[in-house]
Student: 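Dropping a structure here in structure tokens format, bear with me for questions.
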Amino acid sequence: MTALFSLRGIKRHYGGRLALDIPRLDIPAGRLLGVCGPNGSGKSTLLRLLAMLESPDSGEVLFEGAPTGDLRTARRQVTLLLQEPYLLSRSVAENVAYGLSVRGIRDEERVRASLLAVGLDPDLFGERRRNELSGGEAQRVALAARLAIRPQVLLMDEPTASVDEESAGRIALAARTACEQGTTVVVVSHDREWLDALADDQLRLKAGRIVA
């Protein structure tokens with residue numbers, strides 16, 4: 001199976017503390033990988049390295065066999081959904097369309113399809129503002145915005161931490177559908193039951209190291 005990401009000899013420190021220590025990790029393309037572990041185990045650090053937002057102190061992260069530091073254009077193929085959704089002071093539809101617009105794409109049907117993928121009716125939600133959404137709905141809008149750009153890689157950091165059960169189910173379905181359509185998905189979650197039902201593969205981190 002082809003490795004989309006390959007991590008070799010990774011070490012990452014924060015304030016003198018070793019946050020991540022991964023001698024070797026290969027993440028295959030086209031799979032849904034779940035990442036679990038206690039607080040401070042390095043899960044979010046791993047996602048930031050995969051998102052190309054940070055670089056390791058030592059070792060290297062390869063994307064399709066090339067060092068990520070040399071792949072500025074590849075960063076547009078990788079998107080990160082955070083635990084706390086950030087929405088612009090615009091309508092729901094405009095939030096979902098934003099990533100497309102900065103790429104020079106105008107596609108209202110893709111915006112509608114992305115909202116439907118997360119279980120939000122575009123006719124009911126398209127013109128709503130952030131203050132008219134529940135926490136779960138806001139997270140689903142943020143996910144729809146990332147699905148709209150059809151990323152090669154979707155990274156999700158605790159996407160269900162503060163959402164209702166319906167939203168958790170919709171997020172799982174959207175992530176699974178995206179994976180089946182060719183997106184490689186990496187999900188960090190404390191919810192083992194939710195993650196067990198969703199992930200093709202799982203790894204567990206503890207004190208910055210892979211333990212399972």
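Source: prediction; values computed, not measured.
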Student: Pair V153, F5 - check side chain to side chain contact (heavy atoms under 4.5 Å, CB included), show working.
Tutor: CA-CA 10 Å; V153 182; F5 286 101; 3.9 Å; yes
Student: Does any part of the side chain of I27, heavy atoms only, come nearer than 4.5 Å to the side chain of L4, both counted from C-beta?
Tutor: no
Student: Do L81 and D157 come within less than 4.5 Å of each other through their side chains, counting heavy atoms only?
Tutor: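 Of all side-chain heavy-atom pairs linking D157 with L81, none is under 4.5 Å.
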Student: Which atom pair, heavy atoms only, marks the closest approach of P151 to T183?
Tutor: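 Shortest heavy-atom contact: O-OG1, 2.9 Å.
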Student: For residues L88 and N95, report the shortest heavy-atom separation together with the two atoms involved.
Tutor: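 Of all heavy-atom pairs spanning L88 and N95, the closest is N-OD1, 2.7 Å.
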Student: In terms of side-chain geometry, is the basic nitrogen of D200 or R176 positioned less than 4.0 Å from the acidic oxygen of its partner?
Tutor: yes
Student: Rounded to the nearest 0.5 Å, how far does CG of L198 lie from SG of C179?
Tutor: 8.5 Å
Student: State plainly whether one hydrophobic cluster holds both L115 and L124, where clusters connect Ile, Leu, Val, Met, Phe, Trp and Tyr through side-chain heavy atoms under 4.5 angstrom apart.
Tutor: yes
Student: Please check if the side chain of S91 supplies one atom and the backbone of R129 the other of a donor-acceptor pair under 3.5 Å.
Tutor: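 Not a single qualifying donor-acceptor pair exists.
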Student: Begin from the C-alpha positions of L18 and R209 and carry the test side chain to side chain contact (heavy atoms under 4.5 Å, CB included) through to its verdict.
Tutor: CA-CA 10 Å; L18 181 62; R209 296 176 173 85; 3.6 Å; yes
Student: Do L32 and L25 belong to the same hydrophobic cluster, where Ile, Leu, Val, Met, Phe, Trp and Tyr are linked whenever their side-chain heavy atoms lie under 4.5 Å apart, directly or via other members?
Tutor: no
Student: Under a 3.5 Å distance rule, please check whether Q83 uses its side chain to pair with a backbone N or O of A161 as donor and acceptor.
Tutor: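 Looks like no, no N/O pair under 3.5 Å.
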Student: Mark yes or no for whether R103, through its side chain, and G99, through its backbone, hold a donor-acceptor pair below 3.5 Å.
Tutor: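 The answer is yes, because a donor-acceptor pair under 3.5 Å joins these two groups.
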Student: Can any side-chain N or O of S189 pair as donor or acceptor with the backbone N or O of E158 at less than 3.5 Å?
Tutor: no
Student: Taking all atoms of both residues into account, what is the closest heavy-atom pair of V96 and S114, and its distance?
Tutor: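 Heavy atoms only, the tightest pair is CG1-CB, 4.2 Å.
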Student: For E54, look at atom CD and say whether over 12 heavy atoms of other residues, nucleotides or ligands are found less than 6.0 Å away.
Tutor: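 More than 12 heavy atoms, drawn from other residues, nucleotides or ligands, come within 6.0 Å of this atom.
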Student: Taking the side chain as everything from C-beta on, heavy atoms only, tell me whether W194 gets closer than 4.5 Å to E165.
Tutor: no
Student: Nearest 0.5 Å, please: how far is OG in S44 from CG in L53?
Tutor: 11.5 Å
Student: Are R8 and E60 within salt-bridge range, i.e. N to O under 4.0 Å?
Tutor: no
Student: Carefully, step by step, assess H190 and N39 under the rule side chain to side chain contact (heavy atoms under 4.5 Å, CB included).
Tutor: CA-CA 9 Å; H190 278 96; N39 289 336; 3.1 Å; yes
Student: Can a salt bridge be assigned to the pair R170 and D164 using a cut-off of 4.0 Å between side-chain N and carboxylate O?
Tutor: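 Here R170 does not pair with D164 in a salt bridge, since their nearest N and O are not under 4.0 Å apart.
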Student: If only side-chain N and O atoms count, and only distance matters, is there a donor-acceptor pair under 3.5 Å linking S6 with D26?
Tutor: yes
Student: Would you check if the side chain of D107 reaches a backbone N or O of L100 as a donor-acceptor pair within less than 3.5 Å?
Tutor: no
Student: Any chance you could measure R12, atom CZ, to S55, atom OG, to the nearest 0.5 Å?
Tutor: 7.5 Å
Student: Return yes if some donor-acceptor pair links the side-chain N/O of T160 with the main-chain N/O of V163 below 3.5 Å, else return no.
Tutor: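 Absent.
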Student: Does one side chain, of E180 or T177, offer a donor that lies under 3.5 Å from an acceptor on the other?
Tutor: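 No, no side-chain donor-acceptor pair sits under 3.5 Å.
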Student: Quick one: does V92's side chain get under 4.5 Å of L133's, heavy atoms only?
Tutor: yes
Student: Quick check: does any side chain N or O of R204 sit under 3.5 Å from a backbone N or O of I210, one acting as donor and the other as acceptor?
Tutor: no
Student: Measuring only between side-chain heavy atoms, which start at C-beta, is L33 closer than 4.5 Å to Q202?
Tutor: no
Student: Is there a path of hydrophobic side-chain contacts, each under 4.5 Å between heavy atoms of I/L/V/M/F/W/Y residues, joining V118 to I171?
Tutor: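 In one cluster with I171: V118, yes.
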Student: Only one of R110, R112, R106 passes salt bridge (Lys or Arg N to Asp or Glu O under 4.0 Å) with E108; say which it is.
Tutor: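 With E108 as partner, R110, R112, R106 yield a single salt bridge (Lys or Arg N to Asp or Glu O under 4.0 Å), made by R106.
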Student: Is there a path of hydrophobic side-chain contacts, each under 4.5 Å between heavy atoms of I, L, V, M, F, W or Y residues, that connects L205 with L155?
Tutor: yes
Student: Verify whether one side chain among R140 and S167 offers a donor that lies under 3.5 Å from an acceptor in the other.
Tutor: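 Judged by distance alone, the side chains do pair up.
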Student: Spell out, as yes or no, whether a donor-acceptor pair under 3.5 Å connects the side chain of K43 to the backbone of P38.
Tutor: yes
Student: Report yes or no: do V111 and Y98 belong to one cluster of Ile/Leu/Val/Met/Phe/Trp/Tyr joined by side chain heavy-atom distances under 4.5 Å?
Tutor: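 Each belongs to a different hydrophobic cluster.
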Student: Restricting to non-hydrogen atoms, name the atom on A142 and the atom on P85 that form the minimum distance, rounded to 0.1 Å.
Tutor: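 Between these two residues, the closest heavy atoms are CB-CB, 3.9 Å.
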Student: Compare all side-chain heavy atoms of V186 with those of M156 and state whether any distance is below 4.5 angstrom.
Tutor: no
Student: Nearest 0.5 Å, please: how far is CG in L87 from CD in Q139?
Tutor: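 It comes to 9.0 Å.
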Student: With a 4.5 Å limit on heavy-atom distance, are the side chains of L120 and V141 in contact?
Tutor: yes
Student: Please name the pair of heavy atoms, one in L50 and one in V78, separated by the smallest distance, quoted to 0.1 Å.
Tutor: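 Where L50 meets V78 most closely, the heavy atoms are O-CG1, 3.8 Å.
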Student: To the nearest 0.5 Å, what is the distance between CG (D21) and OG (S58)?
Tutor: 8.0 Å
Student: Among L7, L49, I22, T45, find the residue that satisfies the side-chain contact (heavy atoms from CB on, under 4.5 Å) test when tested with P56.
Tutor: L49
Student: For L46, run the side-chain contact (heavy atoms from CB on, under 4.5 Å) check against I10, V61, L20 and tell me which one passes.
Tutor: L20
Student: Run the salt bridge (charged side-chain N to carboxylate O under 4.0 Å, His left out) check on R31 and D201 step by step: do they pass?
Tutor: CA-CA 8 Å; R31 302 283 286 178; D201 313 292; 3.1 Å; yes
Student: Establish, yes or no, whether the cationic atom of R128 lies under 6.0 Å from the six-membered ring centre of F125 and within 45° of the ring axis.
Tutor: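 Judged by the rule, R128 and F125 form a cation-pi pair.
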Student: What's the shortest heavy-atom distance between A178 and L147, and which atoms?
Tutor: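 Nearest heavy atoms, A178 then L147: CB-CD2, 3.9 Å.
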Student: Before you tell me yes or no, could you show the steps for L47 and V188 under side chain to side chain contact (heavy atoms under 4.5 Å, CB included), namely the whole-Å CA-CA distance, both residues' side-chain angles and the distance that decides it to 0.1 Å?
Tutor: CA-CA 8 Å; L47 285 190; V188 163; 3.7 Å; yes
Student: Do P122 and L116 make a side-chain contact, defined as non-hydrogen atoms from C-beta onward lying under 4.5 Å apart?
Tutor: yes
Student: Does any donor atom in the side chain of E64 or Q77 lie under 3.5 Å from an acceptor atom in the other side chain?
Tutor: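 Checked: E64/Q77 side chains show no N/O donor-acceptor pair below 3.5 Å.
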